[in-house]
Amino acid sequence: MRNAREVLVIGGSRYFGKRLITRLLAAGDRVTVLNRGSSAPSPGVDHLVADRNDEKSLTAALGSRTFDVVVDQVCYTPRQAEIARRVFTGRTRRYVMTSTVEVYEYEDSIALVRESDVDPLDVAVELELPWNDAEFLDTHYGEGKRQAEAVFAAAPAFPYTAVRVAHVLGGDDDFTGRIAHYADRIRTGEPIAVPMVNHPATYIHVEEIADFLHWAVGQDFTGPVNAASHGPLTTEELCAEIAAHILDGRTVFQQVEVGEVSPFAFTRSYGMDNSRATRLGFRFTHARQWLPKAVAETLGKDGG
């Protein structure tokens with residue numbers, strides 16, 4: 001039996017973050033959650049309160065503590081990454097950053113994208129951008145994650161990995177409202193806006209990404225890694241499954257040349273190649289296997 005690990009989770013109070021914490025506790029790890037105090041951690045978890053944007057606050061909250069692994073669920077900007085790198089250098093043997101498929105937002109490739117398609121060592125870091133502005137950050141989500149990865153990658157002695165998470169589906173606590181968006185339109189027959197050429201994307205179930213992060217905590221590889229279930233899904237496939245849960249629902253697609261389209265409708269391919277993680281030993285499921293369950297969980301048995 002292995003020794004219990006000291007694991008710090010920054011953020012992680014909802015969705016797959018809380019599922020990760022459940023898995024860590026079940027494995028016998030000693031878990032500490034650090035956040036701004038806006039939400040209480042799960043039972044059995046130590047709690048540190050600090051603003052991760054404030055280096056003095058973060059350092060004071062940590063005191064002299066060290067950790068086997070840090071899982072950073074809420075690193076969105078290069079400024080946050082720089083603070084974290086300074087504070088946690090020498091405090092942890094492994095730093096797991098939750099990144100996103102959105103780092104590939106400029107990669108217009110029919111083929112599934114690999115980690116090497118966006119090498120963080122090639123990404124310019126622009127600390128002077130208005131990263132503290134909520135509206136700017138919202139519209140530059142992928143760029144913020146890309147530059148955060150670049151900050152960690154620039155310090156070769158910092159043992160980080162960036163988990164590039166596919167679009168997550170499932171759970172009755174899905175807070176994104178994306179499945180509900182489609183369900184509302186299917187229920188009423190309202191048109192669903194899609195681009196003229198609508199491309200597929202890769203996805204991952206909420207339980208599977210929690211499994212993946214838990215697995216990554218115990219590994220020693222570094223650098224970016226894609227986390228996505230096998231098999232891209234199209235908007236049509238998603239809507240067909242949602243419609244199967246709605247009595248007398250009607251799916252109507254409306255192609256638009258310009259303007260906003262529905263979530264999970266893409267003007268370019270959004271598929272990730274998961275072969276690196278597979279070679280490292282993680283076994284992904286196929287998205288079509290869990291999609292019915294994911295939709296049922298989010299909509300509820302009565303179809304929402």
[X] and [Y]: which non-hydrogen atoms are nearest, and at how many Å?
X    : Y    : answer
V49  : G37  : CG1-N, 4.0 Å
F266 : A201 : CE1-CB, 3.5 Å
G218 : R5   : CA-NH1, 3.3 Å
I209 : A227 : CD1-CB, 3.8 Å
Q255 : P195 : CG-O, 4.2 Å
T202 : S229 : CG2-O, 4.3 Å

Would you compute the distance between atom [atom1] of [X] and atom [atom2] of [Y] and round it to the nearest 0.5 angstrom?
X    : Y    : atom1 : atom2 : value
I204 : N274 : CD1   : CG    : 8.5 Å
R146 : T100 : CZ    : OG1   : 10.0 Å
F212 : N226 : CZ    : CG    : 8.5 Å
I246 : E241 : CD1   : CD    : 11.0 Å
F253 : I192 : CZ    : CD1   : 5.0 Å
L62  : L34  : CG    : CG    : 6.0 Å

For T22, give me all partners under side chain to side chain contact (heavy atoms under 4.5 Å, CB included), at least two apart in sequence or on another chain. none
How would you list, by chain and number, every residue that makes a side chain to side chain contact (heavy atoms under 4.5 Å, CB included) with E55, sequence neighbours excluded?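 Applying side chain to side chain contact (heavy atoms under 4.5 Å, CB included) to E55 gives T59, I83, R86, V87.
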Can you get from [X] to [Y] by hopping between Ile, Leu, Val, Met, Phe, Trp and Tyr side chains that sit under 4.5 Å apart?
X    : Y    : answer
V96  : L58  : no
Y203 : I179 : yes
V163 : L280 : yes
L25  : L48  : no
V45  : L213 : yes

Enumerate the ring-ring contact (aromatic ring centres under 6.0 Å, His included) contacts for [range], please, sequence neighbours excluded, ordered by first and then second residue.
range            : result
residues 120-145 : W131-F136, F136-H140
residues 64-99   : F88-Y95, Y95-F152, Y95-F158
residues 35-55   : none
residues 9-43    : Y15-F175

So, [X] side chain and [Y] main chain: donor-acceptor pair closer than 3.5 Å or not?
X    : Y    : result
N198 : A265 : no
R85  : A153 : no
R276 : P224 : yes
E297 : G171 : yes
T32  : L8   : no
K293 : G170 : no
E6   : T66  : no

Salt-bridge present (E207, R23; N to O < 4.0 Å): yes
Could you check whether D220 pairs with R94 (Lys NZ or Arg NE/NH1/NH2 to Asp/Glu carboxylate O, under 4.0 Å)? no
Is the number of heavy atoms from other residues, nucleotides or ligands within 6.0 Å of [atom1] ([X]) greater than 12?
X    : atom1 : answer
R93  : CZ    : yes
E128 : CD    : yes
R288 : CZ    : yes
L121 : CG    : yes

Answer yes or no: is there a side-chain heavy-atom contact under 4.5 Å between [X] and [Y]?
X    : Y    : result
R91  : V70  : no
Q73  : V9   : yes
V217 : D68  : no
H230 : Q289 : no
R279 : F221 : no
F282 : D211 : yes
M272 : V113 : yes
L169 : T298 : no

Give the intermediate values and the outcome of side chain to side chain contact (heavy atoms under 4.5 Å, CB included) for residues V206 and D174. CA-CA 9 Å; V206 63; D174 178 357; over 6 Å; no
Those residues that, when tested against D273, pass salt bridge (charged side-chain N to carboxylate O under 4.0 Å, His left out) (two or more places apart):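 Salt bridge (charged side-chain N to carboxylate O under 4.0 Å, His left out) check on D273 returns R114.
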Under 4.5 Å side-chain linkage, directly or through intermediates, the cluster mates of [X]:
X    : result
V261 : V256
V125 : L127, V151
V197 : none

What residue pairs, at least two apart or across chains, pass side chain to side chain donor-acceptor pair (under 3.5 Å) with a residue in residues 259-270? E102-Y270, H181-S262, R268-Y270
For residues 153-169, which residue pairs qualify under side chain to side chain donor-acceptor pair (under 3.5 Å), counting only residues two or more places apart or in two chains? Y104-R164, E149-R164
Working note: V123 + Q147, criterion side chain to side chain contact (heavy atoms under 4.5 Å, CB included); need CA distance, chi angles, decisive distance, verdict. CA-CA 6 Å; V123 174; Q147 292 193 28; 4.1 Å; yes
Using side chain to side chain contact (heavy atoms under 4.5 Å, CB included), reason through D46 and R65 one step at a time and then give a plain yes or no. CA-CA 12 Å; D46 289 340; R65 293 190 64 176; 4.2 Å; yes
With side chain to side chain contact (heavy atoms under 4.5 Å, CB included) as the test, would you mind laying out the steps for V295 and L238 before giving the verdict? CA-CA 9 Å; V295 171; L238 287 172; 5.8 Å; no
